[in-house]
Amino acid sequence: MTGHYQHRQAAWKLIINGNDIGAVISHRLISLELTEKRGTDADELSISLADNDGQLALPAAGAVIELHLGWRDLGTSAGATLIDKGRFKVDQLTHTGTPDVLTIRARSADLTRAFRTRRTQSWSSSTLGAVLAEVAGRNGLQLRCSAEKSAVAIAHLAQSNESDAALIARLGRLHDAVSTVKAGTLVFMACGAGQTPNGQPLELSSITRLNGDRHTWEAAERGSYSGVVAEWQDRAAGQRKKVVVGDEENAKKLARTYASEANARRAADAEYKRLKRGAAKFSLTLCSGRPDIFPEKTVKVVGFKPEIDATDWLVDEAWHSLSSNGLTTTLQMERGGNSDK
């Protein structure tokens, strides 16, 4: 590392079941890997620790780990600036040797077993907000749903031998929304909205090429669709009809037949937005990690090709890695909603 980065040192904090264990394991840390995902897939944490002396105690299965990542400015009296990366529940322990190494794997603590238990239920003449509130309540979660999504009318919705996790994932796809559980809260909001469910803006993150180490940009014209077609059954007229979002000439046809025109249009619109976001992808590895960047953050980049710089990039997944080489971050991104290119 050169220049500015010589004056920074990666900093971290690990708390297990309320006890800060940083001082105990700092000299044992081999690597720490955090994968943050968008949607109902659990965030994953992997920690490898040296156990050459055999004195390392094993955490209990189900123990809760709190992780904070950040940087400490050297040569100043200021403390470390740490970002809270969430709570994780230990679900796998592996001890290998020689040399002896303990690997701890944990997943988002908010995704409980009950959240993944299959169940059957139906709703009629309701709203999306009311459905999500019931799902959140029975799983002991708070709900943060944008006003726009909360007001969507639900004529009929069936949950047939389907887990609550699968249900909100399906609703997310149908309504082009981020549907996830973070910090004890069920979050449901439009993809790329650039704001929290409470309406507060998410700060735009900026990255220059000097901050990057490796990058890959992909944009594919072949196989791209100009629009989406969805069919619905008009029971009164006794015939099948269709709605088109975008251009029908090279449109993608959805396989499902919907019960109403409104449902068909909503599904077509959601798929069209997904197709536009997926038309270009950009992965970027930062030699100086950015734990402040997470899925659904919008990133503006500078110093690449004009087509890349002109795009607002939406983070789909983020990987943070801490080792003797320092703290690095790899971002997988897709086109944001405000991109013109």
Side-chain angles (χ1 to χ4, degrees), residues 11-70 82-97 99-119 132 134-144 159 161-169 178-188 291 294-295 317-323:
W12 53 278
K13 182 193 294 186
L14 276 177
I15 300 173
I16 297 186
N17 288 340
N19 299 313
D20 188 339
I21 63 168
V24 177
I25 68 167
S26 60
H27 64 290
R28 299 181 180 272
L29 183 67
I30 299 173
S31 66
L32 182 152
E33 305 281 344
L34 170 64
T35 302
E36 296 181 289
K37 303 180 180 182
R38 187 169 67 182
T40 55
D41 289 336
D43 294 347
E44 298 176 352
L45 175 64
S46 176
I47 306 168
S48 292
L49 302 170
D51 190 28
N52 298 329
D53 57 3
Q55 298 302 305
L56 189 60
L58 302 182
V64 175
I65 301 175
E66 298 176 44
L67 172 65
H68 302 257
L69 287 176
L82 297 177
I83 306 295
D84 185 351
K85 302 306 292 181
R87 300 164 69 252
F88 305 85
K89 184 173 290 187
V90 175
D91 68 354
Q92 182 179 334
L93 298 172
T94 304
H95 197 275
T96 60
D100 286 8
V101 174
L102 171 65
T103 300
I104 303 169
R105 290 186 172 85
R107 294 160 61 88
S108 302
D110 298 303
L111 300 180
T112 63
R113 184 173 300 176
F115 198 58
R116 299 192 178 278
T117 300
R118 295 176 183 271
R119 61 192 304 145
L132 293 172
E134 184 172 340
V135 173
R138 69 188 178 209
N139 286 282
L141 303 170
Q142 299 295 314
L143 175 64
R144 295 289 183 270
Q159 180 182 16
N161 196 29
E162 182 181 32
S163 69
D164 285 345
L167 173 65
I168 69 165
V178 175
S179 52
T180 188
V181 177
K182 300 288 185 183
T185 301
L186 171 57
V187 177
F188 198 93
F294 48 85
E317 289 194 17
W319 298 271
H320 307 286
S321 177
L322 178 66
S323 68

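Quantities reported herein were computed from a predicted structural model and do not represent experimental measurements. Along the sequence shown, residues carry numbers from 1.
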Is there side-chain contact between L69 and I83, with at least one heavy-atom pair below 4.5 Å?
no

Check ion pair R138-D164 (N to O, under 4.0 angstrom)
yes

Kindly give the heavy-atom pair with the smallest separation between S108 and D43, and that separation in Å.
OG-N, 2.8 Å

V90 to A60 - nearest heavy-atom pair and separation:
CB-O, 4.0 Å

Report yes if some heavy atom in the side chain of R28 is under 4.5 Å from a heavy atom in the side chain of L102; otherwise report no.
no

Side-chain heavy atoms of D53 within contact of D51, under 4.5 Å:
yes

NZ (K13) and CD1 (I21) are apart, to the nearest 0.5 Å, by 12.5 Å

Taking D20 for its side chain and G22 for its backbone only, find out whether a donor-acceptor pair lies under 3.5 Å.
yes

Nearest heavy-atom contact between P295 and E36 is CG-O, 3.5 Å

Sidechain N-carboxylate O distance under 4.0 Å for E44, K37
yes

Does a side-chain heavy-atom distance below 4.5 Å link I104 with L58?
no

So which heavy atom on V101 is nearest to which on S48, and how close?
CG1-CB, 4.2 Å

Step-by-step side chain to side chain contact (heavy atoms under 4.5 Å, CB included) determination, L45 to L32
CA-CA 7 Å; L45 175 64; L32 182 152; 3.9 Å; yes

If we only count heavy atoms from C-beta on, is the L14 to L67 side-chain gap below 4.5 Å?
yes

From R119 CZ over to N161 CG, what is the distance, rounded to the nearest 0.5 angstrom?
11.5 Å

Of all the heavy-atom pairs spanning Q142 and A136, show the shortest one and how long it is.
O-CB, 4.1 Å

Given side chains that start at C-beta, do those of T103 and R105 come closer than 4.5 Å, heavy atoms only?
yes

Side-chain touch P59/L93, heavy atoms, less than 4.5 angstrom:
yes

Nearest-0.5 Å distance that lies between atom NZ in K89 and atom CD1 in I65:
12.0 Å

To the nearest 0.5 angstrom, please state how far the CG atom of L167 sits from the CZ atom of R118.
12.5 Å

Straight-line distance of W12 CH2 to L34 CG, nearest 0.5 Å:
14.0 Å

Interatomic distance, CD1@I30 vs OG@S323, rounded to 0.5 Å, equals 10.5 Å

Heavy-atom closest pair (G70 atom, L82 atom, distance to 0.1 Å) is N-CD2, 3.7 Å

Assess whether side chain to side chain contact (heavy atoms under 4.5 Å, CB included) is satisfied between D100 and H95, documenting all intermediate values.
CA-CA 7 Å; D100 286 8; H95 197 275; 3.6 Å; yes

